[in-house]
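Treat the numbers as computed from the prediction; the structure is a model and nothing was measured. Order of listing sets the numbers, starting from 1, for every ligand and every atom in it.
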Amino acid sequence: MLDDHGDFRTHFVREPSNLRHYPALVLNADFRPLSYYPLSLWPWQEAIKAVFLDRVQIIAEYDEVVRSQREAIRIPSVVVLKDFIKPQKRVAFTRFNLFLRDEFCCQYCGAKGELTFDHVVPRSRGGVTSWENVVAACSPCNLKKANKSLRNSGLKLRRSPRHPSPEEMHAVGRRFPPNYLHESWMDYLYWDTELES
Ligand SMILES: [Zn+2]
């Protein structure tokens, strides 16, 4: 993660409830999480490495201690990057980001759970694979839609699909907190979206 390219964004802990990782919340230099979805959490080894590389400052710590040959150090629970990382300007068109944009629910009937992708304008009718033409869909709606046009399918889109902005993705990501949140992270997380208005 802390390679020579300085890419801090790629390898976060996906299951923070697995506490043997003692995940550290990673904040950008503006004290906002580097990422909300997935929440930017490093395993403790990465956090301590970043401390020794002088790339982060420790904001909060666990009670647990790790020992090196020379010293004992408390495991960081919140770290802040010393250098600001510019947020990405474009949201990559990936399966995951598309599901996230659609809030993990079928864009026709609203069902959650097992989802697939549906081309609004079917590929057989020249529909392309793009933010504007692909939506998350449950299997029944996907089957019902088949190769029909939207109008002939009897289905309605809950909203018209479009390319989301990074801010929109942040906002959606905040609605899906991980199943474990350490108390020391709370000051830096605003899961209550009402705070935004
Ligand atoms: Zn559906």
Side-chain angles (χ1 to χ4, degrees), residues 7-19 21 23 25-26 28 32-43 85-182 185-186 188-197:
D7 189 353
F8 293 89
R9 270 188 276 247
T10 44
H11 303 285
F12 297 133
V13 174
R14 298 277 174 163
E15 290 173 66
S17 53
N18 191 344
L19 277 174
H21 293 304
L25 176 65
V26 186
N28 208 342
R32 294 194 209 177
L34 201 50
S35 157
Y36 279 98
Y37 204 102
L39 187 59
S40 43
L41 299 171
W42 285 342
I85 292 192
K86 268 196 201 157
Q88 278 159 330
K89 288 209 177 78
R90 284 187 83 257
V91 179
F93 183 59
T94 63
R95 296 164 65 88
F96 181 83
N97 283 343
L98 192 123
F99 276 149
L100 182 59
R101 178 198 68 181
D102 291 347
E103 300 178 40
F104 306 98
C105 71
C106 173
Q107 292 302 290
Y108 297 113
C109 74
K112 295 187 162 97
E114 285 284 304
L115 292 173
T116 179
F117 296 102
D118 184 69
H119 285 73
V120 180
V121 177
R123 271 182 291 192
S124 58
R125 293 167 182 254
V128 293
T129 302
S130 69
W131 282 113
E132 291 79 12
N133 194 48
V134 178
V135 293
C138 68
S139 297
C141 288
N142 192 246
L143 279 173
K144 193 173 171 197
K145 176 88 173 15
N147 288 329
K148 301 184 204 72
S149 68
L150 186 58
R151 206 201 303 181
N152 292 333
S153 68
L155 295 167
K156 276 207 174 78
L157 280 171
R158 297 159 74 83
R159 61 184 172 200
S160 55
R162 55 187 190 82
H163 196 150
S165 70
E167 292 73 29
E168 286 167 325
M169 293 295 272
H170 264 283
V172 183
R174 283 153 70 149
R175 271 177 247 148
F176 296 91
N179 53 11
Y180 168 82
L181 296 170
H182 188 256
W185 304 345
M186 294 308 184
Y188 306 97
L189 303 175
Y190 303 99
W191 300 113
D192 183 356
T193 48
E194 285 180 21
L195 285 173
E196 288 213 282
S197 57

Residue Lys112 excluded, over 12 heavy atoms near NZ under 6.0 Å
no

Mark yes when over 12 heavy atoms from residues, nucleotides or ligands other than Arg159 sit less than 6.0 Å from its CZ; otherwise mark no.
yes

Which count of protein N, O or S atoms is obtained for distances strictly below 2.8 Å from the Zn ion (ligand 1)?
4

Fit a plane to each ring of Tyr36 and His170, take the angle between them on a 0 to 90° scale, and name the class: parallel (under 30°), tilted (30 to 60°) or perpendicular (over 60°).
perpendicular

Whether the side chain of Lys144 engages the backbone of Ser153 through a donor-acceptor N/O pair (distance < 3.5 Å, no angle test) should be reported.
no

Separation of Met169 CE from Arg90 CZ (nearest 0.5 Å):
12.0 Å

Quick check for you: to the nearest 0.5 Å, what is the distance between Leu157 atom CG and Leu150 atom CG?
5.0 Å

